[in-house]
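Here is the structure we will look at, set down as structure tokens.
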Amino acid sequence: MSLNVQKIREDFPIFKKQTSGKPVIYMDSACVTLKPIHVINAINRYYKEFPACAGRSIHRLGRKVTNEVYNSRKTIQKFLGAKGINEVIFTKNTTEGINLIANSLNLEKGDMVLTSDKEHNSGLLPFQLLRRKGIGHEVFKLGDLNDFQNKLNKNVRLVSTVHTSNLDGTSNPIKEIIKLAHENNSLVLIDGAQSVPHKEINVRKLDIDFLAFSGHKMCGPSGIGALYGKLDLLKKLSPFIIGGDTVKNSTYVSYEEEEIPERFEAGLQNYAGIIGFAEAVRYLTKIGIKNIESHVIDLNRIITKRFCNLGIEILGENEPEKRSGIISFNIKGIDPHEIAGILNESSNIMIRSGMHCVHSWFNANNLKGSARVSLYLYNNKEESEVLVEEIKKICKMM
Amino acid sequence: MICLIALVVFGILGIFSATHRKIAREAFECVFKRIRLKPCDSGLDQRLKSQIMGKLLRRKPKLARFTFRHFETISWIFTILMIVSIIYSGIGIFNFIIYGNCDGENSQEACVYTGLGDVFKINVDCESPLCQNKECSCGDEIGCQEREGDICKESCYIEGE
């Protein structure tokens, strides 16, 4: 089913705004997506109607927030296909989720962690830090199962990999990776920051051990994310950040841990964010993740075809179907930052440029960076045409 | 080179606006790095270049193409022009203060500062050749006047004052 993009765009207040007489053409959704009015209203509702804390106070407002947070957790549990509501931990973002696992998994000296070569800094640096404790770290080529198998050995306790790369949109075959890792008795942590907003993911069907993702990349508010973990595995984790609401009781010398997931949610939580996040999930579910996926691939196909005609170098897979909503490219003779700046100035087209927090890959490949177009449900064919025309002008300018 | 131009332009604008002050500071850091033969990594040059190119591309694509291809040369030309004009302005101001005419001693040329009024109402040094023997020979542009209380009774003033 094709999306009614025109109707969807009406949900996003930003499109009513014009800059220099031109509408906003937002193509930086791999960084942060735009917010529909439903999400904005949900956040406002918390601040206007029940701005209290959850899980602590017994007054009416406190109970209301507790219920709202419970419902939000339930929404996300259903969205992921998780077995229980306590398998969903609210975090600040994907980065926090990955750090939580890296620091709570009780990895020991001699253990190994395997990551892909296109990890976001958030999926790479936590494991570089673990080297100080004598925990090894090895890199395999994203999408290359042979390389993955070669690197997999009995010391590998954790495979932490990005599902869809924010660099070029290429996806890892996680089903096969998970199967191989489990055969090796390794746990798997998936960075779903780019894939959860674009692909239908059922954690139980895929047998994922841990999955971290963010709200701000799926029409939700910033500063909120979630970490899924199998309950039996979560029970084995050590506390990461502890404090308010992570314990049932404490003395001057000891404490009794709270149940999961609260055990991992220290301090007062971002309730407005949690409620807004769940609203975003409901919004996307209503539209259909599969519909969104095929819509962005359609747009990617149009842009890729026209870019190829212009002789533009696209990073990653050749087939747009394998790059989700991302087109990461370079034009010979012009810096990626200049491409982004010119598009912004000439036609209000907003794209990302640089190394996209994947410095490691760009440095290894001696590249200064790339310009990155990332699409989502609100982008349409007209916008894609404008982008292509502007890129054509830049190419002519060279 | 564009950072040097930006430093001067935004430095002046920065006197009046905090937004421009931030860019001026960035430009200064960039120029300072370049002086020490380090690369300017703030991205300011790219931002400025892309802003200019974006505007040109929207209005004059052919001019944009020319500018993009010769951006460094054009930047150099503007930098040299800027330096030359700063030097000339400095000399002009010096001449105006010393001789009352920005074009220099005994010049009959029109001075851009002439007619600026009270802002530049400055006594010419009595030892100046313009006022020797208490006789002014300042040409048509400058008249002579007597003023009580001045150390030099006769001096040169800008015409019309």
Side-chain angles (χ1 to χ4, degrees), chain A residues 18-28 31 310-312 329-357 359 362-363 366-373 383 385-398, chain B residues 1-7 9-10 13 17 19-34 37-79:
Chain A
Q18 290 204 336
T19 309
S20 310
K22 289 188 174 184
V24 167
I25 299 180
Y26 189 79
M27 294 182 166
D28 191 16
C31 185
L310 293 169
I312 291 169
F329 64 98
N330 273 309
I331 302 174
K332 209 178 170 189
I334 184 165
D335 190 279
H337 290 303
E338 288 172 5
I339 299 172
I342 292 171
L343 290 175
N344 177 58
E345 199 61 48
S346 66
S347 346
N348 257 353
I349 300 173
M350 290 155 201
I351 66 162
R352 173 88 179 263
S353 54
M355 295 197 184
H356 323 299
C357 295
H359 300 78
F362 280 102
N363 288 328
N366 286 323
L367 284 170
K368 276 179 78 182
S370 72
R372 185 188 70 188
V373 170
E383 288 180 333
E385 291 294 335
V386 174
L387 169 78
V388 171
E389 285 308 310
E390 289 303 316
I391 291 291
K392 202 190 272 181
K393 280 185 200 170
I394 292 174
C395 289
K396 271 186 186 173
M397 190 178 78
M398 303 298 299
Chain B
M1 270 310 110
I2 196 163
C3 287
L4 187 61
I5 303 171
L7 175 62
V9 174
F10 290 112
L13 292 173
S17 141
T19 320
H20 292 114
R21 216 169 295 149
K22 192 174 167 283
I23 305 172
R25 201 174 298 131
E26 222 177 308
F28 173 77
E29 281 166 17
C30 194
V31 170
F32 192 59
K33 275 185 183 171
R34 292 294 289 267
L37 302 176
K38 286 182 176 176
C40 170
D41 50 9
S42 69
L44 177 71
D45 47 350
Q46 286 158 340
R47 263 183 288 145
L48 293 170
K49 185 180 174 185
S50 56
Q51 274 190 12
I52 296 166
M53 298 317 305
K55 281 192 168 70
L56 280 177
L57 198 64
R58 195 167 55 190
R59 295 189 181 99
K60 307 265 182 199
K62 279 184 183 172
L63 183 61
R65 192 182 311 163
F66 177 81
T67 311
F68 185 84
R69 285 176 183 173
H70 306 285
F71 196 81
E72 201 56 30
T73 315
I74 293 168
S75 298
W76 269 104
I77 291 168
F78 272 104
T79 307

Approximate separation, where rounding is to 0.5 Å, of B/S50 OG and A/D335 CG
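B/S50 OG to A/D335 CG: 9.0 Å, rounded to 0.5 Å.
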Rounded distance [0.5 Å steps], CD1 in A/I334 versus NZ in B/K49
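Between atom CD1 of A/I334 and atom NZ of B/K49 there are 6.5 Å.
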So, applying side-chain contact (heavy atoms from CB on, under 4.5 Å) with B/M53, which one of A/E345, A/M397, A/E338 is it?
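For B/M53, the side-chain contact (heavy atoms from CB on, under 4.5 Å) test succeeds with only one of A/E345, A/M397, A/E338, which is A/M397.
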Crowded around B/R34 CZ? As in, over 12 foreign heavy atoms under 6.0 Å?
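Check fails, neighbour count at 12 or below.
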Please check if atom NZ in A/K396 has more than 12 non-hydrogen atoms from other residues, nucleotides or ligands closer than 6.0 Å.
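Result for NZ/A/K396: open.
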Minimum heavy-atom separation for A/S346 and B/G54, please, with both atom names.
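Looking at all heavy atoms of both residues, the shortest contact is CB-O, 3.5 Å.
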Which region of B/R69, side chain (C-beta onward) or backbone (N, CA, C, O), has a non-hydrogen atom less than 4.5 Å from a non-hydrogen atom of chain A, or is it both or neither?
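Interface part for B/R69: side chain.
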Identify which part of B/K55 has an atom lying under 4.5 Å from any heavy atom of chain A, answering side chain, backbone, both or neither.
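For B/K55, the contact with chain A is made by backbone and side chain together.
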